[in-house]
Structure formats: structure tokens, C-alpha cells
Amino acid sequence: MTPIPREFFARPSVQVAPDLLGCVLEHETAEGLVAVELTEVEAYAGQSDPASHAYRGRTARNAVMFGPPGHAYVYFTYGMHFCVNLVCQDADNASAVLLRAGRVIEGEELARARRARRTHKAGGDHDRAGQDSAGQDSAGQDSAGQDSASQDSASQDRAALATRDLARGPARLCQALDIDRSLDGADVCTAGSPLRVRRRQTGAGTNVRSGQRNIRSGPRVGVSAAADVPWRFWLDGDPTVSAYRPWVARRRKLVTP
DNA sequence: TTGCCGATCTTCT
DNA sequence: GAAGATCGGCAAA
């Protein structure tokens, strides 16, 4: 399957974002391949966009945004989640498109197992989501050494996970695809790359955009700056699109004297 | 179904 | 030291 050419990403992120809807992001690992059809994205304009990570200039974290288009910018947030962007335009702009949600179209069982693994751990005693993923290959490590009781519990979680929730949300999408900081800077336009973006094809070999459904746009989720800019794009009526949450200030933790 | 809250740690001021 | 492009659990409606 041929990845999307780099010229596709060499445009302003606001133009690239809606065009990415219906395209497929796939990640090939030793465990197998998981492919997700993108249903929701957000555009970030770089140094001119106060909501962008690139707004305050280049840092070690966002360095990939200041590089060539067609590469993945993966960041770690809230102490436990990864999110993935695709870099657009050129190095001077540092613009990117955040991948917010998608529909798993290949490797659903593997995606379900990964999500159940995390979901199960999150509810248990020791959630290592931050540590076990940072720059390391965690594939298969969690299943080793588990007792039968927790395996039963994990399989129940797996069965209960709705298909539409597998990649519904930027952090869930990364979980389903097993994306972490080790993929920061990965080239998504090269056929040999483990992380690739391609157009979805029907059996007849024609490109489609999710049944030609309407694309809608609205304000971006969870951003405090430029919250009114309608640069979030999604496929109208798709159940895998994440719920809209406006930005709310975090409350300070109350410390009893 | 909705809304609140804690978890957890990197990044930046 | 505070905030953050989030998520899942739980209580209340």
C-alpha cells in the first residue's frame, strides 16, 4: 500500500486537516498491524497559533514540528497519555494536525487487547502507563507473568470495550496503535516506515473518504487559547468522533492544614 | 447521561 | 511550582 506523498502535507495544516479525514494511519509492530481510518482531527498553525505547542518557539519536545512535513510529532501529556500530530507545511511554520479519533479497520483484536491492557491497569493497583511506554517497546510485556484471575478480568474488559471506543480520543488512538515517544519524528510518507498514512481504498481500487459523508468543523477541544477558532474537523455523524469538551480551568488541589 | 475529580509527570515560567 | 491538545471511575440527576 502506497503512503500519501509528502506534498500532501506541504500545505497549511488547516487545508491538510479536512483532507486527512477518511485517510488511514497504520502502525506495524512485532505484534501485528493496526490500521485506523481517521474521523476527527484538529489543525494547529504553529508559531502564530497561541494554542499550539510551537507558539513559544522550538524546544526539545516540539523539535519535530520545526522539521520537514510528513513526520509524526508525538508528545506525552497529563503524566500518562501520548498524542500524535502530523507535521505540515515547512519548518518555518511548525504547523501540525492533531489526530483526535478514528475507526479501527484492521487489527481490531490487537487494538482491543492493547486498550483493555491499559484500561485494566488504570483501574488496578499499579498503572505504569507513563513509565512503560516512554521510549521503550512495551509490546507483549504486560501479558507475561499475569495470574489467571487478572487475565480473566482483562479479557472481560476486552470484551466490554465497544468497537467505536477503541480509538475515540487522541490518547486512546495512540493506545490502540501503540504509539509512544519512540515514534516521535517517524516518517509517515515512506513505505518502509512502521508508521504510515495512506488513502483508504475500496475493493475496486478507488479512493474514498468514508462514504463521502459531510465534514463538519468547530472549536478545538480542551484548548484555553484561541478557543473560538473552528479548526477541529470531523466526519458528521460518525460514532467514533470524541465528545466535545470545552477548556475548563483546573482546580487547585485543596491542602488541609 | 452528565459532570466532577484524581491520576501522573513532563514542560515551561 | 503550576499547567496541561486526557481519560476512566463514580456519584448525582
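Naming: A, B, ... by sequence-line order, numbering from 1 per chain. The shown structure was predicted, so the numbers you read here are calculated from the model rather than taken from an experiment.
- Positionally, the nearest nucleotide of DNA chain C for A96(A) lies more toward the 5' end than for the other of A96(A) and R172(A).
- Stacking between Y78(A) and the base of dG4(C) is present: ring centres sit under 5.5 Å apart and the planes differ by under 30 degrees.
- Look at CZ on F82(A): it is 15 Å from C1' on dG4(C), rounded to the nearest Å.
- Ring to ring, F76(A) and H81(A) are not that close: their centroids are 6.0 angstrom or more apart.
- Between Y75(A) and dA5(C), no base-stacking contact is recorded for ring centres under 5.5 Å apart and planes less than 30° from parallel.
- In this structure, A51(A) reaches the bases: a heavy-atom distance under 4.0 Å links it to at least one base atom across the strands shown.
- Applying the 4.0 Å criterion to OP1 and OP2 of dA5(C), one finds that H53(A) has a side-chain N or O inside that range.
- R220(A) forms a cation-pi arrangement with Y44(A), by the criterion of a distance under 6.0 Å to the ring centre and an angle within 45° of the ring axis.
- Between E106(A) and R198(A), at least one side-chain nitrogen of the basic residue sits less than 4.0 Å from a carboxylate oxygen of the acidic one, meeting the salt-bridge criterion.
- Per the geometry, OH belonging to Y244(A) stands 14 Å off P belonging to dA5(C), to the nearest Å.
- dT1(B) is paired with dA12(C) under the Watson-Crick or G-U wobble criterion, all donor-acceptor distances under 3.5 Å.
- A cation-pi geometry, defined here as NZ or CZ lying under 6.0 Å from the six-membered ring centre and within 45° of its normal, does not hold between R11(A) and F9(A).
- If you check dG4(C), dT6(C), dA7(B) against the side chain of S224(A), the one that comes closest is dG4(C).
- Set against dT11(B), dT6(C), dA7(B), the side chain of M80(A) has dA7(B) as its closest nucleotide.
- Regarding contacts with the backbone of dT2(B), every side-chain N or O of R245(A) stays at 4.0 angstrom or more from both OP1 and OP2.
- With both pairing distances under 3.5 Å, dG4(C) is matched to dC9(B) as a Watson-Crick or G-U wobble pair.
- Without hydrogens or angle criteria, R181(A) side chain to V74(A) main chain gives a donor-acceptor distance under 3.5 Å.
- Candidate nucleotides dT11(B), dA5(C), dG4(C) were compared by shortest atom distance to the side chain of R61(A), and dT11(B) ranks first.
- Protein atom CZ of F76(A) is 11 Å distant from nucleotide atom C1' of dA7(B), rounded to whole Å.
- Closest to the side chain of T59(A), out of dT11(B), dT8(B), dA5(C), is dT11(B).
- Rounding to whole angstrom units, CG of residue D184(A) and P of dT11(B) are separated by 10 Å.
- Distance from the side chain of R56(A) is smallest for dC12(B) among the nucleotides dG4(C), dC7(C), dC12(B).
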